Participant: 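Before anything else, here's the structure in question.
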Amino acid sequence: SQQGEEDPQALSIQEGENATMNCSYKTSINNLQWYRQNSGRGLVHLILIRSNEREKHSGRLRVTLDTSKKSSSLLITASRAADTASYFCATAHSGSRLTFGEGTQLTVNP
Amino acid sequence: DTEVTQTPKHLVMGMTNKKSLKCEQHMGHRAMYWYKQKAKKPPELMFVYSYEKLSINESVPSRFSPECPNSSLLNLHLHALQPEDSALYLCASSQGTLWTGPSNQPQHFGDGTRLSIL
């Protein structure tokens with residue numbers, strides 16, 4: 001399967017702490033994307049990192065990509081209760097298809 | 001508020017009914033997608049339209065019939081569904097380029113239609 005695998009499946013932290021989620025995949029990719037999904041809502045795109053990039057930042061988000069290890073990580077710094085959501089990585093291999101990982105459920109406690 | 005609008009938000013239907021899900025975007029995106037999402041699971045791709053033409057059908061049963069009337073609209077026609085088809089149905093769109101492929105662009109999702117089959 002080309003599907004990304006994420007760990008941990010669930011993560012519970014206190015407000016102000018950092019949260020790190022990891023994603024691994026099996027075959028070469030064009031890009032890797034991270035999405036957030038709040039309960040009962042659609043997915044929101046966070047960051048897209050291309051296969052020739054190693055790190056990208058967006059506000060409190062930092063994404064790294066290691067193509068030699070076929071893995072990526074999403075770091076959320078100084079977390080807030082509003083960051084509570086499910087986070088999915090998605091890999092783009094070719095053409096039109098994105099393949100989503102199983103997701104990490106993040107709970108940030110006030 | 002999302003830029004992709006899906007209607008209805010909730011739908012309850014019997015197994016013999018015919019209904020349609022609708023999706024609309026005005027971002028000028030030329031790729032549109034239907035996904036199915038079960039509780040606590042990732043979205044599963046069903047169909048992809050690129051430049052109003054069906055480019056991917058992920059072996060979806062024929063009781064689901066997609067339609068793309070124009071570049072802004074995407075429909076999913078439902079007929080004779082089964083209880084296991086109960087799920088959240090998500091529509092998404094992205095900029096599509098014929099040479100790089102729409103998967104190289106971020107996807108914008110609607111909030112979905114929560115479908116329950118009785």
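These numbers were taken from a predicted model, which means no experiment stands behind them. So you know, we letter chains A, B, ... as the sequences are listed, proteins then strands, and number each from 1.
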Participant: Can you see which heavy atom on B:R114 is nearest to which on A:G40, and at what distance?
Facilitator: NH2-CA, 4.4 Å
Participant: For the atom pair CZ (B:F109) and CZ (A:R41), what is the distance rounded to the nearest 0.5 Å?
Facilitator: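 Going from CZ on B:F109 over to CZ on A:R41, the span is 14.0 Å.
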Participant: Treating Ile, Leu, Val, Met, Phe, Trp and Tyr as nodes and any side-chain heavy-atom pair under 4.5 angstrom as an edge, say whether A:V108 and A:L75 lie in one connected cluster.
Facilitator: no
Participant: Under 4.5 Å between side-chain heavy atoms, counting indirect links through other Ile/Leu/Val/Met/Phe/Trp/Tyr residues: same cluster for B:V4 and B:L11 or not?
Facilitator: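 They do not share one cluster, since no chain of ILVMFWY contacts under 4.5 Å joins B:V4 to B:L11.
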Participant: Counting only heavy atoms closer than 4.5 Å, note whether A:Q105 contacts chain B via side chain, backbone, both or neither.
Facilitator: neither
Participant: Do the side chains of B:Y49 and B:I56 join up, straight or via other hydrophobic residues, at under 4.5 Å, putting them in one cluster?
Facilitator: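 Result: no, two separate clusters.
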Participant: Counting only heavy atoms not in A:R60, do more than 12 fall under 6.0 Å of its CZ?
Facilitator: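 Yes, the 6.0 Å shell around CZ holds more than 12 heavy atoms from other groups.
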Participant: When rounded to the nearest 0.5 angstrom, what distance separates NZ in B:K40 from CD in A:Q9?
Facilitator: 11.5 Å
Participant: Any chance NZ of B:K38 has more than 12 other-residue heavy atoms, nucleotides or ligands included, within less than 6.0 Å?
Facilitator: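 Enclosed: over 12 neighbouring heavy atoms sit under 6.0 Å from NZ of B:K38.
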Participant: So which atom in A:F88 and which in B:K41 form the shortest heavy-atom distance, rounded to 0.1 Å?
Facilitator: CZ-O, 4.0 Å
Participant: Say you draw a straight line from CD of B:E44 to OG1 of A:T99; how long is it, rounded to the nearest 0.5 Å?
Facilitator: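 It is 11.0 Å, given to the nearest 0.5 Å.
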Participant: Are more than 12 heavy atoms, taken from residues, nucleotides or ligands other than B:M27, located less than 6.0 Å from that residue's CE atom?
Facilitator: yes
Participant: Drop me the distance from B:Y35's OH to A:L43's CG, to the nearest 0.5 angstrom.
Facilitator: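 Answer rounded to 0.5 Å: 8.5 Å.
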Participant: Within the distance-only criterion (no hydrogens, no angle test), does the side chain of B:D111 pair as donor or acceptor with the backbone N or O of A:G42 below 3.5 angstrom?
Facilitator: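 Indeed, once roles are kept as given, a pair shorter than 3.5 Å links the two residues.
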Participant: Is there a path of hydrophobic side-chain contacts, each under 4.5 Å between heavy atoms, that joins B:V60 and B:M32?
Facilitator: yes
Participant: Would a distance-only check, ignoring hydrogens and angles, find a side-chain to backbone donor-acceptor pair under 3.5 Å from A:Y35 to B:Q107?
Facilitator: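 At least one qualifying donor-acceptor pair exists.
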Participant: Heavy atom to heavy atom, less than 4.5 Å: which residues from residues 70-91 of chain B reach chain A?
Facilitator: B:L88, B:L90
Participant: Compare every heavy atom of A:E102 with every heavy atom of B:P42, then report the nearest pair and how far apart it is.
Facilitator: CD-OE1, 3.7 Å
Participant: Do A:V44 and A:I76 belong together in a cluster built from hydrophobic side chains that touch within less than 4.5 Å?
Facilitator: no
Participant: Please test A:R97 against B:E58 for side-chain contact (heavy atoms from CB on, under 4.5 Å), starting from the C-alpha separation and ending with a verdict.
Facilitator: CA-CA 10 Å; A:R97 188 180 281 105; B:E58 292 287 85; 2.8 Å; yes
Participant: Pick one of side chain, backbone, both or neither for B:Q37, based on which atoms fall under 4.5 Å of a heavy atom in chain A.
Facilitator: side chain
